[in-house]
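I have placed the structure first, in the form of structure tokens, so that the comments after it can refer back to it.
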Amino acid sequence: MKYEHKILEEKWHKKWEQTGVFHASNESDKEKYYALIEFPYPSGQGLHVGHPRSYTAIDIIARKRRMQGYNVLYPIGWDAFGLPTENFAIKNHIHPKIVTEQNIARFKKQLISLGISFDWSREINTTDPEYYKWTQWIFLQLFQHGLAYKKEMAVNWCTSCKCVLANEEVINGGCERCGSEVVRKTKSQWMLKITAYAQRLIDDLDLVDFPDRVKAQQKNWIGRSTGMQVKFATTTGDIVEIYTTRPDTMYGATYMVMSPEHPLIEAWKDKLSNMDVICAYKEEAAKKSDFERTEVVKEKTGVELKGVSGINPLTGKEIPIFVSDYVLVSYGTGAIMAVPAHDARDWDFAKKFQLPIIEVVQGGNPKKEAYTETQKGIMVNSGILNGLTVEQAKKKIISYLEEQGIGHTKVNFKLRDWVFSRQRYWGEPIPIIHCDKCGQVAVPENQLPLELPDVDSYEPTDNGESPLAKMQDWVNTTCPKCGNAAKRETDTMPQWAGSSWYYLRYMDPHNSEALASSQAMQYWASVNWYNGGMEHTTLHLLYSRFWNKFLYDIGIVPFKEPYAKRTSHGMILGENGEKMSKSRGNVVNPDDIIREYGADTMRIYEMFIGDFEKAAPWSTSSIKGSRRFLERFWNLQSIMINEDSLRIKFEGSFHKAIKKISEDIETLKFNTAIATLMALLNEIYDSGSVTKGELTLFTILLNVFAPHICEEVWERSNLGEGMVCQHVWPTYDEEKCVDKTIEIVVQICGKIRSRLKVAADIEASAAIAAAKADKKIALEIAEEQIIKEIYVPGKLVNIVIK
RNA sequence: GCUGGUAUGGUGGAAUCGGCAGACACAAGGGACUUAAAAUCCCUCGGUAGCAAUACCGUGCCAGUUCAAGUCUGGCUACCAGCACCA
């Protein structure tokens, strides 16, 4: 009776599919549970060993919940639009649709081979017109509510993908996907007004159970800051509004800086004596990429505006105005007051241009560096603020400036609107028609889905237009409003569109009347547990929270937040501790592992590898330990004795194991849950036999981790009705988890000197007496003066001597 | 620079509230079985000293609190991730 993983795993995949045990029902009396993993992008490389880490973890949760009596929805689908597929299609002259189909077929086979308990009857695909019909429908809702708009603006342009990128997709000045250089380009782009939701995206983090690091990262990205907008007069009689978070330091403002794009500079062109130099500087700045402009290490540059000065509203003094690219036009008012004594950037600039540095908060040495501490330090050289703390000064100056009518408090966010168009083929067409008379007109709902036309060439164009622009038959249409000739929008949506609402479609995937019925959304709302990668924190996770909130506002979705609980798995690294990649040659193919060791071993290994939330290097030798464990479990069948009960000597161990495993699964400590099972198995092995009752209980516990082998053992040894996965999750008896006699440690001054076996419920005085009676202890304390005696119940006695 | 995190044997990692550091594995070494190998089973496995019982040292570094610190406090160092001229 050999453990033949290949045969038995395939057998159970078929059985699960035939019986439909993992299908969720929209009509059930049971309590619902919605478990979700990030649906994969079906890339040409096939499944990565990182995928099963997340899928298996949530599979364990889903399987446990079913056994606990819940109606569980654990769905799967394909996030299939995107550039790699399109690039592959171009290179190999195959339609992206075909490439997608092939990739999905491979992924599906791989996922099935892992034995994840997905409900395959709800499989979705973002590139299916029946799916993207609703992606387009949501876009039209955004458009009709003024949250989708087209704007001429400077965008991030990937030189290799020949396509614009959202701010979230630019990593260190490079493309998130291909790493190529990203440059600035002015283009007319569709934008989504995510900034309208900035505050709520922060506030509603209080409603959800996300890891702190995820919440912190989202808050960071949204970047809320409270400051003041203050009007500075100029010698030309104009007003320059500046934004500052440190109004308390205003007496120390010795100059001002405007960003090169600030409109007042153009307006002043006749008054500026050095306009030629300024124009040259502006041109220079415009040429730079965002990355170059925001590089911190570089030296500050700038030009003084000769002929115009600002006036510090507190001191009344004239101060010079500079133009410099260290001030960004897109944040605040595009102009600042500079307080070199208390701002590192202003300090650098002031040093270079030899501008006065006036200390207004005591405590630092402004001659050497900017002093930015706000907790200690008293105001000086600051008129009405002298002698106050920074905190007090802030309050006082805010009310003063407000009274004077020259300033008001203002909240600013770093978050920018979401650049939503892409100049590529393989994405959802944006359902808008441009009419000379009517402007931008929505494609009527009854014409959705607006399907991607078949094109001969999907090559991105060098002029920055979508390949769709070449399809004259498709582009030329009539205006739905006036009937005149009009042109279709040729840009497509970014990959993030389809994934921004997919969790809703799973609730009711075959609905042709709505994205999902309101009953279905009511029943399944919201996702109970969502696991995914940290890399999506400021992309997919933020975007889908935004769409959900919008759909909630217009009455489509009945809940404010899509995901009640989010967890994040660590990456699986290559054997050398580096990120797995083809170029590093350290990629492990899950197919190879499954072929050699079986899916159950793969699952056990990936759950045992270490802390679920941390990165872990792959180890080919360690995986053998997981296989050995399953072999030993398999071999229990040959030493089984036909007796239904648990033997007394194992009662405690089993009850403790149920408790530990039940708790560990909930807190993502799969590694220690498996360690508990290993220890329990070792204990049983040492006794030389296992009762049927013990094997039954062990199989139920192991089943969520290694389902195939457990079903097989369950069936062969005739352990119970139906399949293990349909069995009830066991409960434990708290009383049986407690040992009757325990070993306690006896310490002298905190150093271990002896061990004692005592009754678990021993009184403190009796424990101490027993400790003192111990031969070794008695000898050591005989001559000594005892200062203190401590008994920690169930743990130790500590005798402190002089 | 800011935010979040991490640091424990040869390796991956355990260790509720401060209470036996190293669970569970991997690797390594030794042994049994075997003609042999693989597989399996048994033993050893943080360091130093010792025949041994045992003693001392040991959780990145330096202090502190405590009967007792991997765990708490203060101060560092290194690394990982995210953000970064956001005023």
Side-chain angles (χ1 to χ4, degrees), chain A residues 171-172 211-221 223-225 227-228 242-247 249 253 257 259 293-298 300 324-328 330-339 342-346 348-349 372 412-416 534-535 537-538 570-571 577 604-605 608-611 613-626 628-629 631-632 635 663 667 669 671-682 685 743-752 754-755 776 786-801:
Chain A
I171 312 291
N172 286 333
D212 288 340
R213 53 183 177 150
V214 171
K215 289 190 183 184
Q217 234 180 78
Q218 288 206 345
K219 280 184 192 164
N220 229 321
W221 182 259
R224 186 195 144 104
S225 79
M228 270 202 114
I242 61 99
Y243 177 73
T244 180
T245 53
R246 292 294 301 279
T249 63
V257 187
S259 78
R293 267 192 73 162
T294 57
E295 230 175 345
V296 194
V297 285
K298 72 152 204 222
K300 302 257 182 301
S324 171
D325 64 2
Y326 85 90
V327 172
L328 308 173
S330 50
Y331 186 77
T333 59
I336 61 156
M337 67 170 192
V339 186
H342 305 288
D343 182 284
R345 297 151 301 183
D346 298 346
D348 289 346
F349 192 87
T372 53
N412 268 329
F413 297 96
K414 288 191 219 172
L415 186 70
R416 300 294 137 83
M534 279 306 284
E535 71 274 19
T537 302
T538 54
M571 235 191 297
I604 291 280
Y605 174 64
F608 187 63
I609 196 168
D611 187 331
E613 293 178 278
K614 285 191 216 144
W618 183 268
S619 162
T620 304
S621 55
S622 288
I623 199 164
K624 288 181 192 140
S626 300
R628 245 173 245 160
F629 165 60
E631 298 265 8
R632 277 157 70 80
N635 292 336
E663 288 170 358
T667 50
K669 293 181 167 185
N671 52 340
T672 49
I674 291 168
T676 304
L677 283 167
M678 287 174 169
L680 181 59
L681 184 67
N682 291 344
Y685 247 93
E743 192 182 69
I744 60 166
V745 164
V746 184
Q747 300 179 332
I748 291 174
C749 293
K751 300 224 173 218
I752 297 156
S754 187
R755 290 158 208 277
K776 210 181 150 201
I786 296 172
I787 302 172
K788 210 171 182 181
E789 294 165 338
I790 297 154
Y791 174 60
V792 182
K795 305 265 186 201
L796 55 76
V797 171
N798 189 9
I799 296 166
V800 186
I801 55 176

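Every chain is numbered from 1, with letters handed out A, B, ... down the list of sequences. Only heavy atoms go into these numbers, but all of them, side chains included; no hydrogens, no water, no symmetry mates.
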Regarding [X], tell me which of base, sugar-phosphate or nothing describes its non-hydrogen contacts under 4.0 Å with the strands shown.
| X | result |
| --- | --- |
| A:Ser225 | sugar-phosphate |
| A:Lys751 | sugar-phosphate |
| A:Gly223 | nothing |
| A:Asp212 | nothing |

Starting the side chain at C-beta, find the nucleotide from [options] nearest to [X].
| X | options | answer |
| --- | --- | --- |
| A:Tyr243 | B:A87, B:C24, B:C41 | B:A87 |
| A:Asp343 | B:C85, B:C83, B:A87 | B:A87 |
| A:Lys776 | B:A55, B:A23, B:G4 | B:A55 |
| A:Thr245 | B:C83, B:G4, B:A87 | B:A87 |

Give me the distance, rounded to whole Å, that separates [N] from [M] when you measure between the [atom1] atoms they each carry.
| N | M | atom1 | result |
| --- | --- | --- | --- |
| B:G10 | B:A23 | P | 14 Å |
| B:U16 | B:G70 | C1' | 15 Å |
| B:C2 | B:G75 | P | 14 Å |
| B:U71 | B:C20 | P | 13 Å |

N/O (side chain, [X]) to phosphate O (OP1/OP2, [N]) under 4.0 Å:
| X | N | answer |
| --- | --- | --- |
| A:Ser324 | B:C85 | no |
| A:Arg628 | B:A39 | no |
| A:Asn682 | B:A25 | yes |
| A:Tyr326 | B:A87 | no |

Interatomic distance, [X] [atom1] vs [N] [atom2] [rounded to whole Å]:
| X | N | atom1 | atom2 | answer |
| --- | --- | --- | --- | --- |
| A:Arg224 | B:A87 | CZ | P | 12 Å |
| A:Asn635 | B:A39 | CG | P | 15 Å |
| A:Lys624 | B:A38 | NZ | P | 12 Å |
| A:Met571 | B:G5 | CE | P | 18 Å |
| A:Ile242 | B:C85 | CD1 | P | 19 Å |

Query raised in the report: For RNA chain B, what string of dots and brackets results from 5' to 3' when Watson-Crick and G-U pairs need both distances under 3.5 Å, crossing pairs get [ ], and pairs with another strand get |?
Result: (((((((..(((......[....))).(((((.......))))).((((....))))..(((((..]....))))))))))))....

Query raised in the report: Taking for each residue the nucleotide of RNA chain B bearing the nearest heavy atom, is the 5' side occupied by A:Thr538 or by A:Ala335?
Result: A:Thr538

Query raised in the report: More 5' along RNA chain B: A:Arg213 or A:Met337, using each one's nearest nucleotide?
Result: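 Whichever sits nearer the 5' end wins; that is A:Arg213.
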
Report task. Answer with yes or no whether the side chains of A:Arg224 and A:Asn412 bring together a donor and an acceptor at under 3.5 Å. Result -> no

Query - Letter per nucleotide, 5' to 3', of nucleotides 11-21 of chain B [B base touched, S only sugar-phosphate touched, - untouched; heavy atoms, 4.0 Å] - result: -BSSS---BBS

Query raised in the report: In terms of the angle between their ring planes, are A:Tyr243 and A:Tyr331 parallel, tilted or perpendicular, with boundaries placed at 30° and 60°?
Result: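 Perpendicular.
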
Between protein and nucleotides 77-81 of chain B, what N or O pairs are separated by less than 3.5 Å?
none

Query - Cation-pi, A:Tyr326 ring and A:Lys300 (6.0 angstrom, 45 degrees) - result: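 Yes, A:Lys300 sits over the ring of A:Tyr326.
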
